[in-house]
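A, B, ... follow the sequence lines: proteins, then strands. Residue 1 opens every chain.
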Amino acid sequence: MLDPKFIRENPDLVRESLKKRRDSAPLDEILELDTERRRKLIELEDLRRERKEVSRQKRAKVEEGRDLRVMIKGLEDEVRNIDEQLAELLLQVPNVPHPSVPLGKDDSDNVVVRTSGEPKSFDFTAKPHWQLGEKLGIIDFERGVKLSGSRFYVLEGLGSHLQRALINFMLDLHTSEHGYKEIYPPFMVKRECMVGSGNLPKFADNLYHDEIDDFWFVPTAEVPLTNLYRDEIISPGILPLYHVAYTACFRREKMSAGKDTRGIKRGHQFDKVELYKFTDAENSNDELEKMVSNAEVICQRLEIPHRVKQLCTADLGFASQKSYDIEMWAPGCEEWLEVSSCSNCGDFQARRANIRHRPTPESKPEFVHTLNGSGLALPRVLIAVLENYQQPDGSIVVPKVLKKYVGVGVIK
RNA sequence: GGAGGGAUCGCAUAGUGGUCUAGUGCGGCCGCCUGCUAAGCGGUUACCCUGCGAAAGCGGGGUCGUGGGUUCAAAUCCCACUCCCUCCGCCA
């Protein structure tokens, strides 16, 4: 959420940023409501002050007090009404892109920042992972569908083992070499958490929801991690905080019906290792660069060709002010797979989730900056491993760094 | 799921309709005193919204788990909800 004061004082800047994002948030309505709210608030506070004075005189002015009560109640209802409308509208306004974000009309304007590793050339025709996986008996698509329907699959034997190896490899690397603290959060959270991270109310369509207890299934560990410090003021000297969490992720994928239905690229349930940082305002963009390279190290150690893209204004996520995607090359399906998206949300999520910190013991609380990035998303890394390490006979060489986790050198 | 208890200023507590503008202790911060430290003494100690102001600041309103209600007046009374604790049941 943007600061209402910021919107009030910089309406043109916000209008401009909406245009860059091709977003149609109701800015004018917000400005009008904000003005009306403050007008009524002044009136209301006046009346409340009067009530204080009147009631101080105890029983002397009962009649006057009675009138005041009615007027105050009426105004309170009006202000509450405006507050609710305003909050609803404010939650629809996306973050303002950082000045360093390239202007663009859609994802074709994203900018490749760097590419690393040469796409391997095969002296045979590289197969897509769904063929490799089925033939090796490590991915069972049919039974996945039998259990849960389309966009579900079952990993078996070394397939399942390979995924677990990847998870452990990533967690170990980020905790031991990059200084992240491992977190195991709940996979189901309360509604407030979804609002805090920016997923509700706007993106309810993409979430799974338990009606009886009002639990929401996390679409990414970003949701519980953001909310770890919800409604808290972090003491001086604690920031920056680096967290890494493995979770399953659940997404309805309603928006992309019919897209990427083949293989394990886009499922309703997938595993992900997520990086998350809480920083102060000064360092968040530097921290974003570091986070991207932390995630890239996974690609490097796995020795899989990859590239980093900076997202343009139109492709930026709702809560993000600056984002990079990391893509791995998959020679079988012949496409770049998005395995990570790293974003600096600035104080946007912190404001929604009310996460502040005190830079020094004397200072006023300030909103923290939050950053999130996949490090990395499992099924797509699994695809990249299978397709990059395949051999002519359809067997898979286990990447060097994973050998100690998998126990065997070749999956056949 | 059933029965009971609870939620107050960082922590611990006091407060059962008006002098609560929330007291006290501990902790924290600032100062004094003092070879040093401790003790002692004095002061200070949250957050949100809003008005004026370039700012420092000054003023107003709100916040005693949350949301409603009763009343001239609510931490205090009433209703609902949330969370925590104890016991019973169930359970990996």
Side-chain angles (χ1 to χ4, degrees), chain A residues 1-11 13 30-91 93 184-196 200-201 209-216 224 227-239 241 247-248 278 280-281 347-368:
Chain A
M1 173 165 93
L2 297 182
D3 185 357
K5 265 180 249 166
F6 177 82
I7 298 179
R8 189 187 305 152
E9 285 157 18
N10 305 279
L13 198 158
I30 288 171
L31 290 168
E32 276 169 40
L33 269 178
D34 178 62
T35 309
E36 193 187 341
R37 169 177 174 274
R38 283 180 297 145
R39 198 169 48 229
K40 291 218 192 283
L41 209 55
I42 292 166
E43 218 178 307
L44 172 62
E45 286 174 2
D46 245 28
L47 289 176
R48 288 210 270 229
R49 182 165 39 76
E50 213 177 320
R51 173 177 66 185
K52 261 189 185 173
E53 282 161 16
V54 167
S55 74
R56 232 189 292 270
Q57 298 167 48
K58 310 230 169 143
R59 303 193 159 276
K61 291 190 171 176
V62 172
E63 282 304 319
E64 207 179 325
R66 210 167 279 167
D67 292 344
L68 273 173
R69 184 177 70 206
V70 173
M71 285 194 284
I72 287 172
K73 201 157 286 177
L75 258 178
E76 276 175 345
D77 287 344
E78 287 178 45
V79 171
R80 190 181 310 145
N81 202 308
I82 294 172
D83 278 344
E84 279 165 18
Q85 288 178 54
L86 202 53
E88 182 78 25
L89 293 175
L90 280 169
L91 291 176
V93 181
Y184 174 82
F187 293 7
M188 301 188 294
V189 297
K190 297 196 271 191
R191 175 182 297 267
E192 300 96 278
C193 291
M194 287 296 178
V195 175
L200 283 179
H209 176 219
D210 160 51
E211 296 282 346
I212 295 172
D213 294 312
D214 200 28
F215 279 128
W216 296 76
N227 284 276
L228 277 180
Y229 299 94
R230 180 157 49 91
D231 294 322
E232 291 190 31
I233 299 172
I234 297 169
S235 304
I238 307 279
L239 297 183
L241 284 166
T247 68
F278 298 89
D280 57 30
D347 65 4
F348 187 86
Q349 284 179 327
R351 200 176 291 283
R352 282 177 167 234
N354 192 27
I355 308 163
R356 290 170 293 171
H357 77 112
R358 226 184 274 281
T360 69
E362 297 77 31
S363 42
K364 287 256 140 206
E366 293 173 11
F367 286 106
V368 301

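- Rounded to whole Å, the separation between the C1' atoms of G10(B) and G17(B) comes to 30 Å.
- Here G10(B) sits opposite C26(B) as a Watson-Crick or G-U wobble pair (both hydrogen-bonding atom distances under 3.5 Å).
- Across all strands shown, C85(B) is found opposite G4(B) as a Watson-Crick or G-U wobble partner, with both distances under 3.5 Å.
- Annotation: side-chain contact (heavy atoms from CB on, under 4.5 Å) contacts of P186(A) (sequence neighbours excluded): none.
- Nearest-nucleotide positions on RNA chain B place I233(A) closer to the 5' end than the other of G65(A) and I233(A).
- A gap of 15 Å separates the C1' atoms of G89(B) and G4(B), to the nearest Å.
- U34(B): no Watson-Crick or G-U partner with both key distances under 3.5 Å is found in any strand.
- The separation of G27(B) from A38(B), taken at their P atoms, amounts to 12 Å, rounded to a whole angstrom.
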Under 3.5 Å, side-chain donor or acceptor atoms of residues 231-239 of chain A against the rest of the protein: list the pairs with distances, not counting sequence neighbours.
unit_1: D231(A); atom_1: OD1; unit_2: N354(A); atom_2: ND2; d: 3.1

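- In this structure G51(B) sits in a base pair with C58(B), meeting the Watson-Crick or G-U test at under 3.5 Å.
- Atom pair E232(A):CD and A46(B):C1' shows a separation of 15 Å (rounding to whole Å applied).
- The side-chain contact (heavy atoms from CB on, under 4.5 Å) test applied to D213(A) returns D210(A), F215(A), not counting sequence neighbours.
- Distance noted for atom P between U44(B) and C26(B): 16 Å (whole Å).
- Remark: R69(A), K73(A) in residues 69-79 of chain A come within less than 4.0 Å of RNA chain B through at least one heavy atom.
- What separates CG of D67(A) from P of A73(B) is a distance of 11 Å, to the nearest Å.
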With sugar-phosphate taken as primed atoms, P, OP1 and OP2 and all else as base, the protein-contact string of nucleotides 48-67 of chain B at under 4.0 Å (heavy atoms; B, S, -) is SBSS--------BSS-----
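- Nucleotide G18(B) forms a Watson-Crick or G-U wobble pair with C72(B), both donor-acceptor distances falling under 3.5 Å.
- The separation of A12(B) from U19(B), taken at their P atoms, amounts to 27 Å, rounded to a whole angstrom.
- A search for side-chain contact (heavy atoms from CB on, under 4.5 Å) contacts involving R230(A) returns E192(A), C193(A), N227(A), A353(A), not counting sequence neighbours.
- With sequence neighbours left out, F6(A) forms a ring pair (Phe, Tyr, Trp, His ring centres under 6.0 Å) with no residue at all.
- Using a 30° and 60° split on the angle between ring planes, W216(A) and H209(A) fall in the parallel class, below 30°.
- A distance of 10.5 Å separates CD1 of I30(A) from CD of E88(A), quoted to the nearest 0.5 Å.
- Contact between R352(A) and V195(A) at its shortest, heavy atoms only, is NH1-O, 2.9 Å.
- The separation of A74(B) from G68(B), taken at their C1' atoms, amounts to 14 Å, rounded to a whole angstrom.
- The separation of U86(B) from A75(B), taken at their P atoms, amounts to 31 Å, rounded to a whole angstrom.
- Atom P of G53(B) sits at a distance of 43 Å from the matching atom of G42(B), rounded to the whole Å.
- In this structure, CG of L68(A) is placed 17 Å from C1' of A74(B), rounded to the nearest angstrom.
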Can you give each donor-acceptor pair under 3.5 Å made by side-chain atoms of residues 70-78 of chain A, sequence neighbours left out, with the distance rounded to 0.1 Å?
unit_1: E76(A); atom_1: OE2; unit_2: R48(A); atom_2: NH1; d: 2.8
unit_1: D77(A); atom_1: OD1; unit_2: R80(A); atom_2: NH1; d: 3.4
unit_1: E78(A); atom_1: OE1; unit_2: K40(A); atom_2: NZ; d: 2.9

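- If you check U63(B) for Watson-Crick or wobble pairing at under 3.5 angstrom, you find it paired to A46(B).
- Contacts of E53(A) classified as side-chain contact (heavy atoms from CB on, under 4.5 Å), with partners at least two apart in sequence or in another chain: R49(A).
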